[in-house]
Protein chains: 2
Amino acid sequence: MISLSEVHDVALRFLGSHDQRYTANRRLIVQALAMADAPLTIDGVTETEPMLALSSTYRNLAVLEEAGVVHRIVTSDDHARFELTEDVTGAHHHHLVCTDCGLVLDVTLPDELEDLLHQSLEAAAKENSFAGAHHRIDLIGLCQSCKP
Amino acid sequence: MISLSEVHDVALRFLGSHDQRYTANRRLIVQALAMADAPLTIDGVTETEPMLALSSTYRNLAVLEEAGVVHRIVTSDDHARFELTEDVTGAHHHHLVCTDCGLVLDVTLPDELEDLLHQSLEAAAKENSFAGAHHRIDLIGLCQSCKP
DNA sequence: GAAGATTTCGAGACTCATTCTCGCTTGCCC
DNA sequence: GGGCAAGCGAGAATGAGTCTCGAAATCTTC
């Protein structure tokens, strides 16, 4: 597990290479995401750090996303969720998504499987003239509290 | 490839078991989705079948989704897209998603890979007390027309 | 370290995809 | 064929997310 100060270092570097400052607000957002054990909604972020204004949080999350520090997760639930990117945390992972409450949990898969997948997807991308950046796997189901 | 009339048969059955009628409008929507070679946005559906009112299309897509006939795909793009479910088409597949224009294309993966994946995801679900229904794999990248 | 330039902040207005409302139409059942 | 439940559709309402713009913070240059 990567330390909080390392996360801040990476964020600073990423923002720097996009001509963006690492302001106090952005720091708070990154910290909130780093401490959370699951991707957070905007409300989740502002509840964790109540000093943050809603509009600034939206703006700064967009800046952080642009700089590759955070990643936006959109589910059928109508609040987007945010997490630090793999480039920041160093951990490739996927998601369990609850269709009922929208909860998102992180999971990792065996490396061999990831390799196989990567090869297949690469081939599929080439076949369809897609410039493939990365893949995303979600297991869609019901979380513990939403189970019947 | 499954025929259009088979698609309608399945849709009829699915709706029936949810105490829903298979009305002319719903038929048009299913037909539009069946003929399209990629998931359609709401606008895409109403453009294909201009007789459809917007509000009715939204309502009927919700009904069809509830009945398991269509599936909603949400990307960062701010129009949801719809396609027939695998239960209707009989074809398990995944998506290439363009981060720029939101285009979604269908791809299939080798069966062995799907099997491996299924096992791993099943295990991950159990570990997190998730009742897993199905998985979703997206390759995120840039489509031919959005490539730099 | 002060003046000016530039960036960020935040409260509220605004946008627009989606959902809701409600009177009208359709079609099913006896 | 009358009654009634379901579906229809135009427009209003909702609300997540974006934009605006004056104020505050931060950087730059001397």
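Computed from a prediction, not measured in an experiment: that's the story for all the values here. Each chain gets a letter, A, B and so on, in the order its sequence line appears, and its residues count up from 1.
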Integer-rounded Å distance: [N] [atom2] and [X] [atom1]:
{"X": "B:Leu40", "N": "C:dA17", "atom1": "CG", "atom2": "P", "answer": "17 Å"}
{"X": "A:Arg27", "N": "D:dT26", "atom1": "CZ", "atom2": "P", "answer": "12 Å"}
{"X": "B:Asp43", "N": "C:dA17", "atom1": "CG", "atom2": "P", "answer": "7 Å"}
{"X": "B:Gln20", "N": "D:dA5", "atom1": "CD", "atom2": "C1'", "answer": "12 Å"}
{"X": "B:Leu28", "N": "D:dG7", "atom1": "CG", "atom2": "C1'", "answer": "14 Å"}
{"X": "A:Leu61", "N": "D:dG17", "atom1": "CG", "atom2": "C1'", "answer": "12 Å"}
{"X": "B:Leu64", "N": "D:dG7", "atom1": "CG", "atom2": "P", "answer": "11 Å"}
{"X": "B:Glu65", "N": "C:dT18", "atom1": "CD", "atom2": "C1'", "answer": "13 Å"}

Verify the contact: side-chain N or O of [X] to OP1 or OP2 of [N], cut-off strictly under 4.0 Å; return yes or no.
{"X": "B:Tyr58", "N": "C:dT18", "value": "yes"}
{"X": "A:Asn60", "N": "C:dT8", "value": "no"}
{"X": "B:Asn25", "N": "D:dG7", "value": "no"}
{"X": "A:Ser56", "N": "C:dG10", "value": "yes"}

Side-chain donor/acceptor contact of B:Arg59 with base of D:dG7 under 3.5 Å: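 Checked by distance alone, the answer is no.
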Using atom types as modelled and distance alone, determine if a side-chain donor or acceptor of [X] lies under 3.5 Å from a backbone N or O of [Y].
{"X": "A:Arg81", "Y": "A:Gly102", "value": "yes"}
{"X": "B:Thr41", "Y": "B:Ala80", "value": "no"}
{"X": "A:Arg26", "Y": "A:Leu64", "value": "no"}

For A:Thr85 against A:Gly68, the heavy-atom pair lying closest together: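 Of all heavy-atom pairs spanning A:Thr85 and A:Gly68, the closest is OG1-O, 2.8 Å.
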B:Met51 vs B:Arg21, nearer the 5' end of DNA chain D by closest nucleotide: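 Closest to the 5' end, via its nearest nucleotide, is B:Arg21.
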Nucleotide nearest B:Ala53 (side chain, heavy atoms from C-beta), chosen from C:dC9, D:dG9, D:dG7: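 Selected nucleotide (nearest to the side chain): D:dG9.
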No-hydrogen, no-angle side-chain donor-acceptor test under 3.5 Å, B:Glu114 and B:His92: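 The criterion, which ignores hydrogens and geometry beyond distance, is satisfied for B:His92 and B:Glu114.
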Sugar-phosphate, base or nothing in reach of A:Ser55, heavy atoms under 4.0 Å: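 The answer is base, as A:Ser55 lies within the cut-off (heavy atoms under 4.0 Å) of a base atom.
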Sugar-phosphate only, base, or nothing, as touched by A:Ala80 at under 4.0 Å among non-hydrogen atoms: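 Here A:Ala80 touches the backbone only, sparing every base.
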